[in-house]
Amino acid sequence: MREARELAFIENLAKLLSELLRADHVMIAEVFDDAPETAQIVTFYSRGEFQPTVSYELNGSPCEQVLSTESCVFREGVCESFPQDAMLQQLGAASYVGVPMLTADQTKLGLLAILNDQPADYDGTVLELLQVAAAQAAAELAQLRISRNLQESQRRLQTLMNSLPGMAYRCKNDEHWTMEIVSRGVFDLTGYRPQDLIQNKRISWARLIHPEDQNTVNEAIEQATLRHQYFRIAYRIICADDQIRWVWEQGKGVENAEGKVTHFEGFILDVTEQHQHQEHIAEIAFRDELTGLANRAALLDHLQNEYEHNPQQDYLLVLLDLKYFRNVNERFGLHAGDRLLRLVAQRLQDGANNYDDMVKIARVTGDEFVVLVKSSAEKVEQFLTVAGHLKQFFDTPLLIGEHQLDVYLRMSGSFSYRAESAAELLQQASIAMYEAKQHELNYCVFDEALERKVSAERHQTERFLQALAQGELSIALQPQIDLATGQCVGAEALCRWHDQELGHVSPGIFIDIARKQGVLAELGIQVLTKTCSLMKEWQQRYGQLPKVSVNVGAQQFAAPDVVEDFLSICKGIEAQAVTLEITESDLMIDPQLALTVTRRLRDHGFRLAIDDFGTGYSSLAYLQQFAVDILKIDMSFVQAMIKDESSKTLVNTIIAMAQTLGLETIAEGIETAEQAQLLKELGCQGGQGYYFGRPVPPEEFAKTWLE
Ligand code: C2E
Ligand code: MG
Ligand code: MG
């Protein structure tokens, strides 16, 4: 490892000392921290000749004493004193003087020793001379060690740099990014060799960077340098074979003494594959496979980008819904439905090409498309104009197989100045679409009025959920009358919500909220609990138990322990006294489940009534399977039958059929004596309505009907 020249000084020193002091042997040895028991001879000048350099064990040698104490002098008999020291024995020396080699900061690097074959008298001058010589040797060796360490770490760095994937570099902070150091990996990365790039011999790094990415790279490096941070950038390079590859670079500025960034150091990796993979993923994630249009994610991404980077540009988002699309699927099959969607996408795209302001088309859900339009000042007018154009795109019918299909659109719009994010903008258009569907409109714009309505609904929902959680709902009772005798035979429990701020809210509204919020089962439990405790109270006070009906929603059937819950709430009351009212349409939501649950409830003695009968589409024969006891004729027929012959016939038929099947009938919504009389004549057993009594709070009901 050592080049002879580096040691010339020390060798000369040994020789000089031997001559000056007439010493038979002069030895200079190093000791390293990682092996303190061994000395490594640096030079050994013995009897006028340099000997091969070896290492020897310090243990049991005079040198060991030199290293552990200070200088050592043995005037005679040194061989006998250190019988273990093999080298000493071999030399057969009689006297010995050794001094430690100390650097300026007193680090021991080894020792310097002279030995003589004869006993000798060494005076203080000799020792002093040796100490000076040892200090010089130490200084020289220290220098050697430093340069050796440096070489070693450079060698390691080189190996490391060359074995790294990609390339490591050091370049000047100039317009060419002039390379000073480039690792071998550059060849695999670019097809150029290190020497092609160093000092821009063949090409500069700046020229490898793709022209479209030059600015991005320069800016990123500038920004990071200003903040004294690492820059991390992905960009394209043009390789020696003209191929374009994606690279990823991380680097940092190197400052000179004045704090000026003169160089950059870092490394560059090939990320082409990852990039292609990412592009592929993005393509899949951002494209609607069926139509090739942007999908919902792509639309939101695009819009959000606009919100962030181009906030002064207003947009109109038009949401289009294909009316009767389900019919196409059902009549002609899913395949035809897919084809229709593809053709619609095509029409939209072709049409939009004629309008510069229609900047993006997307398919967001099944049959809903979005056309994004650059917006100008006139708001609603613009929507109507755009909607008119979009409608025109479909003036001629679409051809699917041999079928000609007319496309009817329902459109809603929202404006970006009203929404704070892309997601909100799309949601507003969806709300307007919902509104349009609710009211069977072809167009609806999300405007201030709708916004107010939506926020009022949200507020209402919040307050309702709070009222439900705090058990603030109450019940009202409406009497059920035996039409033949005029006696009250039962009552229907109806849920009531009185809110301090909103006042009385009709069940039509809050039952709907509960259904949408998925808490109808909880509401049902509260109503049943209140009803049952009321019934127990009445039983004690009046000694009689009137039959009470409670309304049950389809959501309640889906609760896992409905039957057990009902039984435990009704404990202490005869199940016969409780009638559960279920609307015809609720039964049809999941008939199989309804069938299982209603059968089990009935097995436990509960009576079942079908509410609002006649408004659903189920056949009576089908309803038979549910083993119901009572049919409640919907109030719409009751109220129409006086004037309208066909309603009267219908009511008549229902009653007759019910009688045949052994079912009891109760007519709802009786408001006049005439209605009551007619129903009685037609054979209807029970009646309920304002004519007999409105739903009232429990105390009032008890006072009027029970006392
Ligand atoms: P429903 O079960 O058909 O209740 C009868 C509705 O008709 C009640 O409306 C009642 O006040 C009203 N009514 C009774 N007699 C007359 C009349 O002579 N003329 C007119 N015009 N209306 C009359 P309400 O209390 O507004 O309840 C509406 C609906 O809300 C109920 O219809 C029922 O489906 C539902 N509902 C009420 N409470 C509950 C409940 O605790 N649970 C469930 N799931 N639904 C409930
Ligand atoms: Mg009812
Ligand atoms: Mg009803």
Side-chain angles (χ1 to χ4, degrees), residues 161 164-183 185-186 188-192 194 196-283 285-286 298 300-313 315 359-360 374 421-422:
M161 265 173 55
L164 274 177
M167 67 177 259
Y169 70 87
R170 175 186 168 91
C171 71
K172 281 193 191 143
N173 182 9
D174 63 11
E175 57 181 317
H176 312 290
W177 306 122
T178 303
M179 290 292 168
E180 290 187 346
I181 301 174
V182 177
S183 72
V186 72
D188 282 346
L189 190 70
T190 66
Y192 293 100
D196 296 335
L197 277 154
I198 286 172
Q199 299 305 337
N200 308 326
K201 287 249 175 57
R202 224 179 113 194
I203 192 165
S204 71
W205 188 261
R207 281 195 43 214
L208 292 190
I209 302 175
H210 194 287
E212 284 173 21
D213 293 346
Q214 300 261 5
N215 282 341
T216 338
V217 172
N218 292 350
E219 261 167 45
I221 295 180
E222 198 180 304
Q223 286 302 314
T225 308
L226 277 176
R227 277 184 243 119
H228 305 278
Q229 282 172 350
Y230 277 97
F231 56 85
R232 295 182 182 89
I233 26 172
Y235 58 93
R236 287 161 296 175
I237 56 166
I238 301 166
C239 299
D241 59 0
D242 282 337
Q243 244 197 63
I244 293 174
R245 302 197 73 79
W246 275 94
V247 297
W248 186 86
E249 176 173 351
Q250 168 170 313
K252 199 175 184 201
V254 182
E255 293 175 12
N256 65 7
E258 286 94 58
K260 196 172 162 263
V261 174
T262 56
H263 289 82
F264 288 101
E265 287 172 348
F267 62 94
I268 303 173
L269 295 172
D270 188 339
V271 291
T272 311
E273 250 172 57
Q274 288 97 308
H275 200 87
Q276 282 166 346
H277 187 66
Q278 265 171 13
E279 273 181 346
H280 181 62
I281 297 274
E283 166 129 356
F286 279 170
L300 289 176
D301 187 69
H302 173 84
L303 260 172
Q304 196 54 38
N305 236 332
E306 286 296 283
Y307 262 100
E308 279 160 25
H309 302 297
N310 202 5
Q312 68 287 353
Q313 177 63 58
Y315 283 100
V359 289
K360 198 159 191 85
K374 282 193 173 164
S421 67

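In this chain, numbering begins with 1 at the start of the sequence shown.
A side-chain donor-acceptor contact under 3.5 Å links Asn173 to the backbone of Val261. The backbone N or O of Asn200 sits nowhere less than 3.5 Å from a side-chain atom of Ser204 that would complete a donor-acceptor pair. In this structure, the side chain of Glu180 does not engage the main chain of Gln199 through any donor-acceptor pair within 3.5 Å. In terms of modelled atom types and a separation under 3.5 Å, the side chain of Asn256 and the main chain of Gly259 share a donor-acceptor contact. Between the side chain of Glu249 and the backbone N or O of Ile233, no donor-acceptor pair lies under 3.5 Å.
Residues Ser183 and Gly166 share a closest heavy-atom pair of OG-O, 4.1 Å. For Pro165 against Leu269, the heavy-atom pair with the smallest separation is O-CD2, 3.3 Å. Between Thr190 and Cys239, the closest heavy-atom pair is O-CB, 3.4 Å. The minimum heavy-atom distance linking Asp270 with Trp246 is given by the pair OD1-O, 3.3 Å. Nearest heavy-atom pair across Ala224 and Tyr230 is CB-O, 3.7 Å.
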Candidate pair Lys201 and Asp196, rule side chain to side chain contact (heavy atoms under 4.5 Å, CB included), full reasoning: CA-CA 5 Å; Lys201 287 249 175 57; Asp196 296 335; 5.8 Å; no
Worked check of side chain to side chain contact (heavy atoms under 4.5 Å, CB included) between Arg236 and Glu212: CA-CA 9 Å; Arg236 287 161 296 175; Glu212 284 173 21; 3.3 Å; yes
Residues Tyr192, Val182; criterion side chain to side chain contact (heavy atoms under 4.5 Å, CB included); working and verdict: CA-CA 11 Å; Tyr192 293 100; Val182 177; over 6 Å; no
Stepwise side chain to side chain contact (heavy atoms under 4.5 Å, CB included) check, Ile237 with Trp205: CA-CA 9 Å; Ile237 56 166; Trp205 188 261; 4.2 Å; yes
Gln223 vs Glu219, side-chain hydrogen bond (donor to acceptor under 3.5 Å, both in side chains): CA-CA, chis, key distance, verdict: CA-CA 6 Å; Gln223 286 302 314; Glu219 261 167 45; over 6 Å; no
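Rounding to the nearest 0.5 Å places NZ of Lys172 at 14.0 Å from CZ of Phe264. Note that the CG atom of Leu208 and the CD1 atom of Ile203 stand 4.5 Å from one another [nearest 0.5 Å]. Separating the CD1 atom in Ile268 from the OH atom in Tyr235 is a distance of 4.0 Å, to the nearest 0.5 Å. Atoms CD and CZ, from Gln276 and Arg245 in turn, are 7.5 Å apart once rounded to the nearest 0.5 Å. Here the NZ atom belonging to Lys360 is positioned 12.5 Å from the NZ atom belonging to Lys374, to the nearest 0.5 angstrom. A distance of 9.0 Å separates OG1 in Thr178 from NE2 in His263, rounded to the nearest 0.5 Å.
Between the side chains of Gln278 and Gln274, no donor-acceptor pair of N or O atoms lies under 3.5 Å. Between Glu306 and Tyr315, the side chains place a donor N or O and an acceptor N or O closer than 3.5 Å (distance only, hydrogens not considered).
Between Lys252 and Glu265 there is no salt bridge, since none of the side-chain N atoms of the basic residue sits less than 4.0 Å from a carboxylate O of the acidic one.
More than 12 heavy atoms of other residues, nucleotides or ligands sit less than 6.0 Å from atom CZ of Arg232. The 12-atom threshold is not exceeded at CD of Glu175, counting heavy atoms of other residues, nucleotides or ligands nearer than 6.0 Å.
Under the 4.5 Å side-chain criterion, counting only non-hydrogen atoms from C-beta, Trp177 is in contact with Ile209. Using a 4.5 Å heavy-atom threshold, the side chains of Ile238 and Pro211 count as touching.
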